[in-house]
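Quick one: structure below, then a few questions.
Computation of the quantities below employed the complete heavy-atom set of this structure, encompassing side-chain atoms and omitting hydrogens, waters and symmetry-equivalent molecules. Residues take their numbers from the sequence shown, with the count starting at 1.
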Amino acid sequence: MPASPPEPLGLPWQSVLFLALLAAQLGVVLGLRARLLTRKNPLLPISVAASALLAAAALYVPFLRSVLETEPLGWAGVGIAAVCAPAGFFAARLVRTAFRRPIPAGPVGGAPGLR
């Protein structure tokens, strides 16, 4: 059986990619909100934190590691993956502001015929 190629930077790339994609996705979730922390959706920060904790569990809980075939990451791998969260956040903010429709100016009293 041929030997597997060495891991780049000595890191398990599948686990780094798993965590990086999740971090970017959570960054996009937060970046698409008009206001980050509002009372309109108080469970959003809780669900983002829960997703991050579940990702950590997938990397560090032995049962989940064997089921998902992940490997634990050191600080370097977590750091590389964590950089993707702000990248996803700022990309979502950029897209959100670039494609925002201008609000048409209407009459001061509201739409005609709705009185």
Practice task
For V78 and L73, work out which heavy atoms get closest and say how close.
Solution key: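 Closest heavy-atom pair between V78 and L73: CG2-CB, 4.0 Å.
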
Exercise for the section: Kindly indicate, with the supporting measurements, whether the criterion side chain to side chain contact (heavy atoms under 4.5 Å, CB included) is fulfilled by L32 and R93. Expected result: CA-CA 6 Å; L32 289 176; R93 284 286 178 177; over 6 Å; no

Handout entry: V28-F89 co-clustered via ILVMFWY side chain contacts under 4.5 Å
Key =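 In one cluster with V28: F89, no.
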
Practice task
Please assess L44 against L30 for the test side chain to side chain contact (heavy atoms under 4.5 Å, CB included), listing each intermediate value before the final yes or no.
Solution key: CA-CA 8 Å; L44 181 68; L30 293 175; 4.2 Å; yes

Practice task
Determine yes or no for a side-chain-to-main-chain donor-acceptor pair under 3.5 angstrom, with Y60 supplying the side chain and R65 the backbone.
Solution key: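 Answer holds: no.
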
Practice task
Mark yes or no for whether R96, through its side chain, and A91, through its backbone, hold a donor-acceptor pair below 3.5 Å.
Solution key: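 Between the backbone of A91 and the side chain of R96 there is no qualifying donor-acceptor contact (under 3.5 Å).
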
Handout entry: Joint hydrophobic cluster, V83 plus L22, side-chain heavy atoms closer than 4.5 Å
Key =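 Looking at the clustering, L22 is in a separate group from V83.
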
Practice task
Start with the C-alpha gap between L59 and F18, add the side-chain angles, then the distance that decides, and say whether side chain to side chain contact (heavy atoms under 4.5 Å, CB included) holds.
Solution key: CA-CA 9 Å; L59 293 173; F18 166 73; 4.3 Å; yes

Handout entry: Distance-minimising heavy-atom pair for A81 and A23
Key =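 What the structure gives for the nearest pair is O-CB, 3.6 Å.
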
Practice task
Specify the closest pair of heavy atoms between L26 and A52, including all atoms of both residues, with the distance to one decimal.
Solution key: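 Reported closest heavy-atom pair: CD1-N, 4.1 Å.
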
Exercise for the section: For residues L21 and C84, determine if any side-chain heavy atom of one lies less than 4.5 Å from a side-chain heavy atom of the other. Expected result: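 Not touching, per the 4.5 Å side-chain cut-off.
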
Handout entry: Reported OG-to-CG distance for the pair S47 and N41, which is rounded to 0.5 angstrom
Key =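 Nearest 0.5 Å value for the OG-CG distance: 7.0 Å.
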
Handout entry: Spacing of W75 atom CH2 and I80 atom CD1 [to the nearest 0.5 Å]
Key =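 Here the rounded value is 14.0 Å.
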
Problem - Whether T70 side chain and A58 backbone form a donor-acceptor pair below 3.5 Å - result: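 Confirmed, T70 side chain pairs with A58 backbone.
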
